[in-house]
Amino acid sequence: MTERFIKNEQFNYICKQVAFIKDSTKQHIPPGVLATVYDVSNEKIMNCVPDMSAEQKGILDFSRLKTVEEYDLAIKKLDAYRMPFPTVTEQQLKKLFPKSKKLKLPDLSSVDLKCVTYLSWNDSRSNKKYLLYELDMQLVGIECSFSPSPRKNTCSICKCQSEVTYFTTKTKERHQNNPDYFRSIGNLICADSHECNKNITGVAYLETLLRDSLRK
Ligand SMILES: [Zn+2]
């Protein structure tokens, strides 16, 4: 059996392409144009996971699918190939955030880790957000401060319109003019990371943010 190889954001991306195909099927567009829509979306699906084996490529080859039902079934079958977010131990957490002595992992018993690109939770008592992600095969984490009042805007990570909060994170880079301070980065990010993980289709911004925050 093929190993799990589809990450949450890649699965969301595939679902988005399939939703586009299904939507186009409902429109009264000429068959030739519709065939092109199918081809373009199928091609995007085939290329959304880098460095796939021939077997994995076969799993994401939707080019023979004709009907909405077939696409729905194909999406369902992908469940067996979805990769969960790695399990995080309390020790790993302590190592990532040595200064936050009382920090505990959130209760993940009701969380489907297959639906997680980045693991994040808010500590409303301290107005802190913790964000964990596997960057270059290594678990990394950042701590952000946030303003408690969410507002409707575009999230920097998932690019969707949602209830976002302004998060700031201190980088490890010292301020140019005042070396006593560290440079901060501010971002509008979904207040609810569960929603963000449902919508995220790419990690370019998230990875840039993390690299930028963690660079010494
Ligand atoms: Zn978001």
Side-chain angles (χ1 to χ4, degrees), residues 4 6-20 22-23 41 44-45 47-50 75 78-79 82-88 93 96-97 100 103 105-171 183-215:
R4 294 176 178 271
I6 305 168
K7 292 179 178 170
N8 174 58
E9 68 279 7
Q10 292 161 341
F11 180 76
N12 290 345
Y13 182 83
I14 294 167
C15 289
K16 205 171 150 189
Q17 293 306 323
V18 169
F20 183 62
K22 284 164 74 173
D23 207 44
S41 292
K44 284 183 179 170
I45 291 169
N47 291 315
C48 79
V49 181
I75 287 280
L78 291 188
D79 203 55
R82 294 180 67 184
M83 220 161 45
F85 191 84
T87 16
V88 183
L93 194 70
L96 290 172
F97 305 104
S100 310
L103 183 63
L105 277 168
D107 177 17
L108 298 173
S109 54
S110 61
V111 178
D112 184 352
L113 291 172
K114 289 199 298 291
C115 306
V116 175
T117 292
Y118 70 93
L119 188 66
S120 181
W121 65 100
N122 300 348
D123 178 6
S124 43
R125 275 176 312 173
S126 59
N127 285 348
K128 290 263 164 66
K129 178 188 185 72
Y130 296 90
L131 193 158
L132 307 182
Y133 178 74
E134 204 170 40
L135 185 68
D136 305 329
M137 319 261 281
Q138 202 193 345
L139 189 73
V140 295
I142 54 168
E143 182 192 278
C144 314
S145 303
F146 66 91
S147 59
S149 43
R151 59 175 190 262
K152 202 109 188 149
N153 211 319
T154 309
C155 166
S156 302
I157 292 180
C158 68
K159 316 286 179 213
C160 291
Q161 278 283 317
S162 64
E163 290 289 319
V164 296
T165 305
Y166 190 71
F167 290 98
T168 50
T169 182
K170 259 190 209 148
T171 68
R183 189 171 65 88
S184 285
I185 308 173
N187 282 290
L188 290 172
I189 300 175
C190 287
D192 181 350
S193 63
H194 177 66
E195 281 303 308
C196 199
N197 271 298
K198 264 201 248 171
N199 293 324
I200 186 168
T201 54
V203 288
Y205 187 85
L206 180 63
E207 293 197 349
T208 305
L209 168 69
L210 286 163
R211 281 184 213 287
D212 214 14
S213 308
L214 299 165
R215 195 178 51 212

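Keep in mind that the numbers below use all heavy atoms, side chains included, and drop hydrogens, waters and symmetry copies. One-based numbering, in listed order, for ligands and for the atoms of each.
Residue pairs satisfying the side-chain hydrogen bond (donor to acceptor under 3.5 Å, both in side chains) criterion with at least one member in residues 185-204, sequence neighbours excluded, are listed as follows: Asn187-Tyr205, Glu195-Lys198.
Between Ser213 and Ile142, the shortest heavy-atom distance links the atoms CB-CG2, 3.8 Å.
No more than 12 heavy atoms of other residues, nucleotides or ligands lie within 6.0 Å of CZ in Phe20, so this atom counts as exposed by the packing criterion.
A side-chain donor-acceptor contact under 3.5 Å links Glu207 and Tyr133.
Between Arg211 and Asp136, at least one side-chain nitrogen of the basic residue sits less than 4.0 Å from a carboxylate oxygen of the acidic one, meeting the salt-bridge criterion.
For the Zn ion (ligand 1), the nearby protein N/O/S atoms, meaning those under 2.8 Å, are Cys155 SG, Cys158 SG, Cys190 SG, Cys196 SG.
Stacking of Lys129 on the aromatic ring of Phe167 is recorded, both the 6.0 Å distance cut-off and the 45° axial limit being met.
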